[in-house]
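Below: the structure, in C-alpha coordinates.
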Number of protein chains: 2
Amino acid sequence: MAFDVDEALLAAVNVFWAKGYDGASVKDLTEAMGINSPSLYGVFGDKRSLYLKAIERYASNDACAPLVAFETEPEIAAAVRAFMEAAIGYATEHESGARGCFLTSCVSTSAGEVEGVEPLLRQAIEETDARLAARFDKEKAKGCLPEDFPSLERAKLMFDLRQGHVFRARAGLERKSMTGDLDHRVRMVLA
Amino acid sequence: MAFDVDEALLAAVNVFWAKGYDGASVKDLTEAMGINSPSLYGVFGDKRSLYLKAIERYASNDACAPLVAFETEPEIAAAVRAFMEAAIGYATEHESGARGCFLTSCVSTSAGEVEGVEPLLRQAIEETDARLAARFDKEKAKGCLPEDFPSLERAKLMFDLRQGHVFRARAGLERKSMTGDLDHRVRMVLA
DNA sequence: GGCATTTTGTAATGAACACTACAAAAAAAT
DNA sequence: ATTTTTTTGTAGTGTTCATTACAAAATGCC
(Lines give C-alpha, C1' and ligand atoms only; values in the text may rest on other atoms or scores of the structure.)
Protein backbone atom coordinates (compact mmCIF):
# COMPACT_ATOMS: atom_id res chain seq x y z
CA MET A 1 0.00 0.00 0.00
CA ALA A 2 1.32 3.39 -0.92
CA PHE A 3 1.70 5.42 2.26
CA ASP A 4 0.14 8.79 2.88
CA VAL A 5 3.05 11.16 2.37
CA ASP A 6 1.52 14.01 4.33
CA GLU A 7 0.68 11.81 7.31
CA ALA A 8 4.19 10.44 7.29
CA LEU A 9 5.60 13.94 7.12
CA LEU A 10 3.50 15.02 10.08
CA ALA A 11 4.78 12.05 12.04
CA ALA A 12 8.32 13.08 11.17
CA VAL A 13 7.64 16.62 12.43
CA ASN A 14 6.59 15.18 15.76
CA VAL A 15 9.72 13.04 16.10
CA PHE A 16 12.03 15.90 15.18
CA TRP A 17 10.10 18.14 17.57
CA ALA A 18 10.58 15.76 20.44
CA LYS A 19 14.19 14.77 19.81
CA GLY A 20 15.74 17.42 17.57
CA TYR A 21 17.48 16.69 14.31
CA ASP A 22 20.54 14.89 15.64
CA GLY A 23 18.62 13.11 18.36
CA ALA A 24 16.06 11.67 15.96
CA SER A 25 17.45 8.54 14.32
CA VAL A 26 16.24 7.21 11.01
CA LYS A 27 14.93 4.27 12.99
CA ASP A 28 12.86 6.59 15.21
CA LEU A 29 11.55 8.32 12.12
CA THR A 30 10.62 5.26 10.09
CA GLU A 31 8.86 3.72 13.08
CA ALA A 32 6.79 6.82 13.71
CA MET A 33 6.09 7.29 10.01
CA GLY A 34 5.10 3.67 9.58
CA ILE A 35 7.37 3.04 6.60
CA ASN A 36 10.67 1.33 5.90
CA SER A 37 13.91 3.17 5.38
CA PRO A 38 14.14 2.51 1.62
CA SER A 39 10.76 4.24 1.28
CA LEU A 40 11.92 7.17 3.35
CA TYR A 41 14.95 7.59 1.11
CA GLY A 42 12.95 6.90 -2.03
CA VAL A 43 10.29 9.52 -1.35
CA PHE A 44 12.03 12.14 0.76
CA GLY A 45 15.66 11.88 -0.33
CA ASP A 46 17.60 11.58 2.91
CA LYS A 47 17.30 12.56 6.55
CA ARG A 48 18.26 16.17 5.97
CA SER A 49 15.85 16.59 3.06
CA LEU A 50 13.10 15.11 5.17
CA TYR A 51 13.97 17.56 7.90
CA LEU A 52 13.77 20.53 5.54
CA LYS A 53 10.40 19.32 4.28
CA ALA A 54 9.25 18.86 7.87
CA ILE A 55 10.23 22.44 8.65
CA GLU A 56 8.41 23.75 5.61
CA ARG A 57 5.31 21.79 6.41
CA TYR A 58 5.27 22.96 9.99
CA ALA A 59 5.92 26.57 9.03
CA SER A 60 3.10 26.57 6.51
CA ASN A 61 0.59 24.71 8.66
CA ASP A 62 0.99 24.25 12.39
CA ALA A 63 2.91 27.41 13.13
CA CYS A 64 0.02 29.25 11.54
CA ALA A 65 -2.71 28.29 14.00
CA PRO A 66 -2.31 31.43 16.15
CA LEU A 67 -2.11 33.48 12.95
CA VAL A 68 -5.40 32.09 11.80
CA ALA A 69 -6.92 32.97 15.16
CA PHE A 70 -5.62 36.52 14.74
CA GLU A 71 -6.98 36.82 11.21
CA THR A 72 -10.40 35.40 11.85
CA GLU A 73 -11.39 37.26 15.00
CA PRO A 74 -13.32 40.35 13.77
CA GLU A 75 -12.42 42.82 16.54
CA ILE A 76 -8.76 43.76 16.66
CA ALA A 77 -8.13 43.69 20.42
CA ALA A 78 -9.87 40.35 20.65
CA ALA A 79 -7.82 39.23 17.68
CA VAL A 80 -4.55 40.11 19.41
CA ARG A 81 -5.69 38.28 22.50
CA ALA A 82 -6.80 35.29 20.45
CA PHE A 83 -3.32 35.10 18.94
CA MET A 84 -1.70 35.05 22.35
CA GLU A 85 -4.07 32.51 23.77
CA ALA A 86 -3.76 30.27 20.75
CA ALA A 87 0.02 30.47 20.94
CA ILE A 88 0.05 29.60 24.63
CA GLY A 89 -2.40 26.77 24.14
CA TYR A 90 -0.47 25.40 21.24
CA ALA A 91 2.83 25.51 23.10
CA THR A 92 1.49 23.84 26.24
CA GLU A 93 -1.09 21.37 24.99
CA HIS A 94 -0.16 20.06 21.60
CA GLU A 95 -1.90 16.84 20.60
CA SER A 96 1.45 15.17 20.01
CA GLY A 97 2.53 15.96 23.56
CA ALA A 98 5.38 18.13 22.30
CA ARG A 99 5.92 21.42 24.10
CA GLY A 100 6.99 24.79 22.80
CA CYS A 101 7.27 25.34 19.08
CA PHE A 102 9.11 23.10 16.64
CA LEU A 103 10.90 26.03 15.01
CA THR A 104 12.03 27.80 18.17
CA SER A 105 12.51 24.85 20.46
CA CYS A 106 14.24 22.46 18.07
CA VAL A 107 14.99 23.78 14.60
CA SER A 108 16.92 26.71 16.09
CA THR A 109 19.52 24.31 17.40
CA SER A 110 20.40 23.10 13.94
CA ALA A 111 20.36 26.54 12.32
CA GLY A 112 24.14 26.79 12.13
CA GLU A 113 24.81 23.14 11.48
CA VAL A 114 22.32 21.78 8.96
CA GLU A 115 22.55 23.44 5.59
CA GLY A 116 19.39 25.10 4.43
CA VAL A 117 17.81 25.51 7.84
CA GLU A 118 18.68 29.11 8.62
CA PRO A 119 17.07 30.51 5.45
CA LEU A 120 13.89 28.60 6.25
CA LEU A 121 13.81 30.00 9.79
CA ARG A 122 14.45 33.49 8.55
CA GLN A 123 11.71 33.12 5.98
CA ALA A 124 9.25 31.79 8.53
CA ILE A 125 9.92 34.74 10.81
CA GLU A 126 9.66 37.32 8.08
CA GLU A 127 6.48 35.82 6.67
CA THR A 128 4.89 35.72 10.10
CA ASP A 129 5.84 39.32 10.75
CA ALA A 130 4.34 40.29 7.39
CA ARG A 131 1.16 38.35 7.91
CA LEU A 132 0.58 39.84 11.32
CA ALA A 133 1.30 43.31 9.93
CA ALA A 134 -1.19 42.76 7.10
CA ARG A 135 -4.03 42.38 9.57
CA PHE A 136 -3.04 45.65 11.20
CA ASP A 137 -2.94 47.34 7.80
CA LYS A 138 -6.46 46.15 7.17
CA GLU A 139 -7.59 47.67 10.44
CA LYS A 140 -5.92 50.92 9.48
CA ALA A 141 -7.66 50.95 6.11
CA LYS A 142 -10.96 50.50 7.96
CA GLY A 143 -10.13 53.40 10.25
CA CYS A 144 -10.00 51.18 13.33
CA LEU A 145 -6.34 51.94 13.93
CA PRO A 146 -4.55 55.25 13.42
CA GLU A 147 -2.95 55.90 10.05
CA ASP A 148 0.47 56.08 11.63
CA PHE A 149 0.07 52.82 13.55
CA PRO A 150 3.39 50.97 13.14
CA SER A 151 2.01 47.69 11.79
CA LEU A 152 5.28 45.91 11.27
CA GLU A 153 6.79 46.86 14.61
CA ARG A 154 3.69 45.72 16.44
CA ALA A 155 3.65 42.54 14.42
CA LYS A 156 7.20 41.88 15.52
CA LEU A 157 6.22 42.66 19.09
CA MET A 158 3.45 40.04 18.99
CA PHE A 159 5.80 37.50 17.51
CA ASP A 160 8.46 38.21 20.11
CA LEU A 161 6.02 37.87 22.98
CA ARG A 162 5.04 34.52 21.60
CA GLN A 163 8.65 33.36 21.83
CA GLY A 164 8.66 34.00 25.56
CA HIS A 165 5.62 31.77 26.01
CA VAL A 166 7.17 29.14 23.80
CA PHE A 167 10.35 28.98 25.88
CA ARG A 168 8.41 28.80 29.13
CA ALA A 169 6.23 26.04 27.77
CA ARG A 170 9.25 24.08 26.59
CA ALA A 171 10.76 24.39 30.05
CA GLY A 172 7.61 22.85 31.50
CA LEU A 173 6.06 25.92 33.07
CA GLU A 174 2.32 25.88 33.54
CA ARG A 175 -0.08 27.54 31.22
CA LYS A 176 -1.62 29.64 33.94
CA SER A 177 1.75 31.19 34.83
CA MET A 178 1.67 32.78 31.37
CA THR A 179 -1.82 34.18 31.19
CA GLY A 180 -1.78 36.73 34.02
CA ASP A 181 -0.72 39.75 32.01
CA LEU A 182 -2.44 39.29 28.67
CA ASP A 183 -4.59 42.42 29.07
CA HIS A 184 -1.48 44.55 29.45
CA ARG A 185 0.18 42.84 26.53
CA VAL A 186 -2.80 43.37 24.28
CA ARG A 187 -2.84 47.05 25.25
CA MET A 188 0.88 47.23 24.63
CA VAL A 189 0.46 45.86 21.12
CA LEU A 190 -2.35 48.28 20.25
CA ALA A 191 -0.88 51.39 21.92
CA MET B 1 49.67 19.98 33.50
CA ALA B 2 46.34 20.16 35.28
CA PHE B 3 43.89 21.89 32.98
CA ASP B 4 41.81 24.89 33.93
CA VAL B 5 38.42 23.37 34.64
CA ASP B 6 36.49 26.59 34.18
CA GLU B 7 38.15 27.38 30.85
CA ALA B 8 37.41 23.87 29.67
CA LEU B 9 33.82 24.20 30.78
CA LEU B 10 33.43 27.47 28.90
CA ALA B 11 34.80 25.79 25.79
CA ALA B 12 32.26 23.02 26.25
CA VAL B 13 29.45 25.59 26.50
CA ASN B 14 30.50 27.01 23.15
CA VAL B 15 30.55 23.62 21.45
CA PHE B 16 27.15 22.65 22.84
CA TRP B 17 25.84 26.08 21.85
CA ALA B 18 26.95 25.65 18.29
CA LYS B 19 25.98 22.02 17.77
CA GLY B 20 23.45 21.11 20.44
CA TYR B 21 23.79 18.18 22.80
CA ASP B 22 23.37 15.34 20.30
CA GLY B 23 25.30 17.11 17.58
CA ALA B 24 28.33 17.73 19.76
CA SER B 25 30.53 14.62 19.85
CA VAL B 26 32.94 13.87 22.64
CA LYS B 27 35.65 14.35 20.07
CA ASP B 28 34.37 17.87 19.31
CA LEU B 29 34.26 18.60 23.00
CA THR B 30 37.69 17.29 23.93
CA GLU B 31 39.29 19.11 21.02
CA ALA B 32 37.72 22.41 21.99
CA MET B 33 38.45 21.88 25.66
CA GLY B 34 42.05 20.94 24.97
CA ILE B 35 41.95 17.73 26.99
CA ASN B 36 41.75 14.00 26.34
CA SER B 37 38.64 11.98 26.83
CA PRO B 38 39.80 10.15 30.01
CA SER B 39 40.26 13.59 31.59
CA LEU B 40 36.80 14.67 30.51
CA TYR B 41 35.29 11.56 32.07
CA GLY B 42 37.56 11.80 35.10
CA VAL B 43 36.68 15.38 35.96
CA PHE B 44 33.17 15.86 34.61
CA GLY B 45 31.71 12.36 34.77
CA ASP B 46 30.26 11.79 31.32
CA LYS B 47 28.87 13.76 28.42
CA ARG B 48 25.51 14.34 30.04
CA SER B 49 27.02 15.48 33.34
CA LEU B 50 29.29 17.85 31.45
CA TYR B 51 26.24 19.20 29.66
CA LEU B 52 24.38 19.83 32.90
CA LYS B 53 27.42 21.60 34.30
CA ALA B 54 27.69 23.64 31.11
CA ILE B 55 24.06 24.70 31.47
CA GLU B 56 24.55 25.68 35.08
CA ARG B 57 27.65 27.64 34.30
CA TYR B 58 25.98 29.48 31.46
CA ALA B 59 22.85 30.20 33.48
CA SER B 60 24.86 31.62 36.35
CA ASN B 61 27.29 33.61 34.24
CA ASP B 62 26.70 34.42 30.59
CA ALA B 63 22.92 34.51 30.67
CA CYS B 64 23.26 37.13 33.37
CA ALA B 65 24.99 39.83 31.33
CA PRO B 66 21.75 41.65 30.42
CA LEU B 67 20.62 41.26 34.03
CA VAL B 68 23.75 42.92 35.25
CA ALA B 69 23.14 45.78 32.82
CA PHE B 70 19.61 46.12 34.19
CA GLU B 71 20.80 46.09 37.79
CA THR B 72 23.67 48.51 37.42
CA GLU B 73 22.01 51.27 35.41
CA PRO B 74 20.76 53.77 38.05
CA GLU B 75 17.67 55.11 36.22
CA ILE B 76 14.92 52.58 35.71
CA ALA B 77 13.88 53.39 32.12
CA ALA B 78 17.50 53.44 31.06
CA ALA B 79 17.94 50.17 32.94
CA VAL B 80 15.11 48.50 31.00
CA ARG B 81 16.61 49.73 27.75
CA ALA B 82 20.08 48.59 28.79
CA PHE B 83 18.69 45.11 29.39
CA MET B 84 17.17 44.98 25.93
CA GLU B 85 20.23 46.32 24.21
CA ALA B 86 22.53 44.00 26.10
CA ALA B 87 20.33 41.03 25.24
CA ILE B 88 20.28 41.93 21.55
CA GLY B 89 24.02 42.55 21.50
CA TYR B 90 24.69 39.32 23.25
CA ALA B 91 22.48 37.30 20.92
CA THR B 92 23.94 38.79 17.75
CA GLU B 93 27.58 39.37 18.55
CA HIS B 94 28.87 36.83 20.97
CA GLU B 95 32.65 36.48 21.08
CA SER B 96 32.38 32.79 20.33
CA GLY B 97 30.43 33.50 17.15
CA ALA B 98 27.39 31.66 18.50
CA ARG B 99 24.03 33.29 17.93
CA GLY B 100 20.95 33.43 20.09
CA CYS B 101 21.10 32.13 23.61
CA PHE B 102 22.47 28.76 24.65
CA LEU B 103 19.45 27.98 26.82
CA THR B 104 16.75 28.96 24.35
CA SER B 105 18.44 28.07 21.11
CA CYS B 106 20.00 24.76 22.10
CA VAL B 107 19.22 23.48 25.56
CA SER B 108 15.48 23.70 24.87
CA THR B 109 15.80 20.99 22.28
CA SER B 110 17.06 18.48 24.82
CA ALA B 111 14.57 19.45 27.53
CA GLY B 112 12.41 16.39 27.03
CA GLU B 113 15.19 13.99 26.17
CA VAL B 114 18.13 14.55 28.48
CA GLU B 115 17.33 13.89 32.09
CA GLY B 116 17.89 16.81 34.39
CA VAL B 117 17.69 19.51 31.77
CA GLU B 118 14.11 20.66 32.15
CA PRO B 119 14.45 21.48 35.88
CA LEU B 120 17.55 23.54 35.09
CA LEU B 121 15.72 25.47 32.40
CA ARG B 122 12.75 26.04 34.64
CA GLN B 123 15.01 27.22 37.42
CA ALA B 124 16.90 29.56 35.12
CA ILE B 125 13.65 31.13 33.94
CA GLU B 126 12.21 31.51 37.41
CA GLU B 127 15.42 32.96 38.80
CA THR B 128 15.66 35.46 35.97
CA ASP B 129 12.05 36.50 36.47
CA ALA B 130 12.72 36.96 40.18
CA ARG B 131 15.90 38.89 39.66
CA LEU B 132 14.29 41.27 37.21
CA ALA B 133 11.33 41.69 39.56
CA ALA B 134 13.66 42.47 42.45
CA ARG B 135 14.99 45.52 40.65
CA PHE B 136 11.44 46.75 40.13
CA ASP B 137 10.68 46.17 43.80
CA LYS B 138 13.66 48.31 44.69
CA GLU B 139 12.36 51.09 42.50
CA LYS B 140 8.97 50.81 44.18
CA ALA B 141 10.55 51.03 47.61
CA LYS B 142 12.32 54.20 46.46
CA GLY B 143 9.02 55.64 45.27
CA CYS B 144 10.15 55.67 41.63
CA LEU B 145 7.45 53.21 40.59
CA PRO B 146 3.89 53.02 41.87
CA GLU B 147 3.18 50.78 44.84
CA ASP B 148 0.89 48.62 42.74
CA PHE B 149 3.39 48.21 39.92
CA PRO B 150 3.24 44.51 38.94
CA SER B 151 6.94 43.71 39.28
CA LEU B 152 6.78 40.04 38.46
CA GLU B 153 4.54 40.41 35.45
CA ARG B 154 6.73 43.13 33.98
CA ALA B 155 9.80 41.05 34.73
CA LYS B 156 8.22 38.21 32.77
CA LEU B 157 7.40 40.64 29.98
CA MET B 158 11.02 41.73 29.71
CA PHE B 159 12.18 38.15 29.69
CA ASP B 160 9.66 37.18 27.01
CA LEU B 161 10.65 40.09 24.77
CA ARG B 162 14.21 38.92 25.05
CA GLN B 163 13.20 35.51 23.68
CA GLY B 164 11.91 37.13 20.51
CA HIS B 165 15.26 38.78 19.92
CA VAL B 166 17.06 35.57 20.68
CA PHE B 167 15.08 33.63 18.09
CA ARG B 168 15.61 36.30 15.45
CA ALA B 169 19.32 36.40 16.15
CA ARG B 170 19.56 32.62 15.92
CA ALA B 171 17.83 32.74 12.53
CA GLY B 172 20.46 35.19 11.34
CA LEU B 173 18.41 38.37 11.31
CA GLU B 174 20.32 41.61 11.63
CA ARG B 175 20.69 43.49 14.85
CA LYS B 176 19.23 46.66 13.42
CA SER B 177 15.99 44.91 12.47
CA MET B 178 15.42 44.41 16.21
CA THR B 179 16.15 47.83 17.58
CA GLY B 180 13.46 49.97 15.93
CA ASP B 181 10.82 49.68 18.61
CA LEU B 182 12.78 49.72 21.85
CA ASP B 183 11.30 53.03 22.99
CA HIS B 184 7.81 51.61 22.79
CA ARG B 185 8.86 48.42 24.52
CA VAL B 186 10.52 50.29 27.36
CA ARG B 187 7.39 52.42 27.80
CA MET B 188 5.17 49.39 27.93
CA VAL B 189 7.33 47.61 30.47
CA LEU B 190 7.05 50.63 32.76
CA ALA B 191 3.39 51.41 32.05
C1' DG C 1 63.02 13.47 46.84
C1' DG C 2 59.53 10.07 46.99
C1' DC C 3 54.95 8.89 46.50
C1' DA C 4 50.25 9.67 44.94
C1' DT C 5 47.35 11.56 41.68
C1' DT C 6 46.23 13.42 37.32
C1' DT C 7 46.85 13.82 32.52
C1' DT C 8 48.40 12.36 28.13
C1' DG C 9 48.32 9.45 24.28
C1' DT C 10 46.55 5.68 22.26
C1' DA C 11 43.77 1.87 21.42
C1' DA C 12 39.81 -0.91 22.12
C1' DT C 13 34.81 -2.04 22.98
C1' DG C 14 30.06 -2.83 21.75
C1' DA C 15 26.54 -0.34 19.99
C1' DA C 16 24.44 2.85 16.98
C1' DC C 17 24.55 5.66 12.94
C1' DA C 18 22.83 7.06 7.91
C1' DC C 19 22.36 4.93 3.98
C1' DT C 20 22.25 1.17 0.35
C1' DA C 21 21.33 -3.45 -1.71
C1' DC C 22 18.09 -6.62 -3.18
C1' DA C 23 14.43 -10.08 -3.62
C1' DA C 24 9.64 -10.65 -2.96
C1' DA C 25 5.19 -8.73 -2.42
C1' DA C 26 1.95 -5.29 -3.27
C1' DA C 27 0.08 -1.48 -5.60
C1' DA C 28 -0.39 1.46 -9.51
C1' DA C 29 -0.51 2.22 -14.34
C1' DT C 30 -1.58 0.81 -18.91
C1' DA D 1 -4.35 -9.16 -17.65
C1' DT D 2 0.18 -7.54 -17.96
C1' DT D 3 3.76 -4.49 -16.99
C1' DT D 4 5.83 -1.05 -14.27
C1' DT D 5 6.56 1.13 -10.07
C1' DT D 6 6.50 1.30 -5.23
C1' DT D 7 6.84 -0.75 -0.83
C1' DT D 8 8.08 -4.23 2.33
C1' DG D 9 11.27 -6.83 4.86
C1' DT D 10 15.70 -7.80 5.78
C1' DA D 11 20.47 -7.56 5.84
C1' DG D 12 24.70 -5.33 5.04
C1' DT D 13 28.26 -1.44 4.83
C1' DG D 14 31.70 1.55 6.67
C1' DT D 15 31.83 5.01 9.87
C1' DT D 16 31.01 7.15 14.13
C1' DC D 17 29.41 7.05 18.71
C1' DA D 18 30.20 7.31 24.12
C1' DT D 19 32.94 5.20 27.10
C1' DT D 20 36.74 2.45 29.11
C1' DA D 21 41.45 0.42 29.54
C1' DC D 22 46.11 1.13 30.36
C1' DA D 23 51.03 2.44 30.21
C1' DA D 24 53.90 6.34 30.35
C1' DA D 25 54.61 11.04 31.44
C1' DA D 26 53.70 14.96 34.06
C1' DT D 27 52.12 17.31 38.00
C1' DG D 28 50.90 17.94 42.75
C1' DC D 29 51.50 16.95 47.58
C1' DC D 30 53.99 15.79 51.74
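We name chains A, B, ... by the order of the sequence lines, and we start the count at 1 in each one.
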Could you tell me if Ser110(B) and Tyr51(B) have a donor-acceptor pair between their side chains, going purely by distance under 3.5 Å?
yes
In whole Å, I'd like the distance from the CE atom of Met33(A) to the P atom of dA18(C).
13 Å
Rounded to the nearest angstrom, tell me the gap between atom CG in Asn36(B) and atom C1' in dA23(D).
14 Å
Would you call Arg81(B)-Asp183(B) a salt bridge at under 4.0 Å N-O?
yes
Does Lys47(A) make a cation-pi contact with Tyr21(A), if we ask for NZ or CZ under 6.0 Å from the ring centre and within 45° of the axis?
yes
If we count only N and O atoms by modelled type, under 3.5 Å, do the side chains of Ser25(A) and Asp28(A) hold a donor and an acceptor together?
yes
Would you tell me whether Ser49(B) and Asp46(B) have side-chain atoms, one donor and one acceptor, within less than 3.5 Å of each other?
yes
Kindly state which residues belonging to residues 49-58 of chain B come within less than 4.0 angstrom of DNA chain D, counting heavy atoms of the residue only, listed by number.
none
Inspect the contact between Glu93(A) and Arg175(A) and indicate whether a charged nitrogen and a carboxylate oxygen are less than 4.0 angstrom apart.
yes
Starting at atom CG of Leu29(A), determine the distance to atom C1' of dA18(C), rounded to an integer number of angstrom.
11 Å
Phe102(A)-Tyr90(A) aromatic ring centre distance below 6.0 Å:
no
Please give, in whole Å, the distance from dT10(D) P to Glu31(A) CD?
13 Å
Would you call Arg131(B) and Glu127(B) a salt bridge, using N to O less than 4.0 angstrom?
no
How does protein contact run along nucleotides 13-19 of chain D, one letter per nucleotide 5' to 3', with B for base contact, S for sugar-phosphate only, - for none, heavy atoms under 4.0 Å?
----SSB
